[in-house]
Amino acid sequence: QVQLVESGGGLVQAGGSLTLSCVASGSISSINVMGWYRQAPGKQRELVASATSGGSTNYADSMKGRFTISRDNAKNTVYLQMNSLKPEDTAVYCCNAAGIRYYDGSYYPFMSFWGKGTLVTVSS
């Protein structure tokens, strides 16, 4: 099993910044992707950003240019730096760690773990 512990959420004014941290522990040898998702009240959970073990990153369109994901592999930690925050960024942000495989033309997660989430509230 993999345990994920997030920190860094809180209340910030629009235009401000926050940095979230996620520390992974446990059986992490098979994990090759870590990322951040968020879910606002009444909305579906959506990808914010992800980073592979090889260093590739991916961002949702609305977060490009404002959010930055980074990893410290030695510390088993992934970060999400959020700048120019908007009220619509208000959500519970959850860290995800997954083992992904490519099979028959598609990518499949063979294991996936979630943190409990940290609330980010952006006031107008």
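Keep in mind that this is a model prediction, so the values were computed, not measured.
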How far does CG of N76 sit from SG of C22, to the nearest 0.5 angstrom?
10.0 Å

Minimum-distance pair of heavy atoms, taken over all atoms of A14 and P87:
CB-CD, 4.1 Å

D61/K64 ion pair, N-O < 4.0 Å
yes

Could you see if Y107 belongs to whatever hydrophobic cluster contains Y59? Use Ile, Leu, Val, Met, Phe, Trp, Tyr and a side-chain cutoff under 4.5 Å.
no

Salt bridge flag under 4.0 Å for residues K116 and E6
no

Do M63 and M82 have side chains that get closer than 4.5 Å, going by heavy atoms?
no

Scan N32, V33, I31 and name whichever one has a side-chain contact (heavy atoms from CB on, under 4.5 Å) with S53.
N32

With side chain to side chain contact (heavy atoms under 4.5 Å, CB included) as the test, would you mind laying out the steps for V92 and T118 before giving the verdict?
CA-CA 5 Å; V92 174; T118 184; over 6 Å; no

Nearest 0.5 Å, please: how far is CG in L20 from SG in C95?
9.5 Å

I would like to know whether V48 and F67 meet side chain to side chain contact (heavy atoms under 4.5 Å, CB included); could you show each step before the answer?
CA-CA 8 Å; V48 177; F67 292 6; 3.5 Å; yes

Given the side-chain rings of Y37 and W114, with only the six-membered ring counted for Trp, is the space between their centroids under 6.0 Å?
yes

Using side-chain heavy atoms (C-beta onward) and a distance below 4.5 Å, is M111 in contact with Q1?
no

Side chains of S112 and N96: is there a donor and an acceptor less than 3.5 Å apart?
yes

I want to check something: taking the side chain as every heavy atom from C-beta on, are R38 and E46 in contact at a cut-off of under 4.5 Å?
yes

In terms of heavy-atom contacts, S27 and V2 come closest through O-CG2, 3.1 Å

Residues N83 and S17: side-chain donor-acceptor under 3.5 angstrom
yes

Just so I know, are the side chains of V122 and L18 near enough to count as touching, which here means a heavy-atom distance under 4.5 Å?
no

Apply the test side chain to side chain contact (heavy atoms under 4.5 Å, CB included) to residues L47 and W36: give CA-CA distance (whole Å), side-chain angles for both, the deciding distance (0.1 Å), then the verdict.
CA-CA 6 Å; L47 173 71; W36 291 92; over 6 Å; no

Flag the pair I69 / V78 as yes when at least one side-chain heavy-atom distance between them is below 4.5 Å, and no otherwise.
yes

Do I100 and F110 belong to the same hydrophobic cluster, where Ile, Leu, Val, Met, Phe, Trp and Tyr are linked whenever their side-chain heavy atoms lie under 4.5 Å apart, directly or via other members?
no

When rounded to the nearest 0.5 Å, the distance separating CD of E88 from OG of S62 is 8.5 Å

More than 12 foreign heavy atoms under 6.0 Å from OH of Y103: is that the case here?
no

Among L85, T90, D89, exactly one meets side-chain contact (heavy atoms from CB on, under 4.5 Å) together with V12. Which residue is that?
L85

Going from OH on Y93 to CG on L119, what distance comes out if it is rounded to the nearest 0.5 angstrom?
9.5 Å

Counting C-beta onward and ignoring hydrogens, is there a side-chain heavy-atom pair between Y79 and T68 closer than 4.5 Å?
no

Gap separating the CG atom of L80 from the CE atom of M34, nearest 0.5 angstrom
12.0 Å

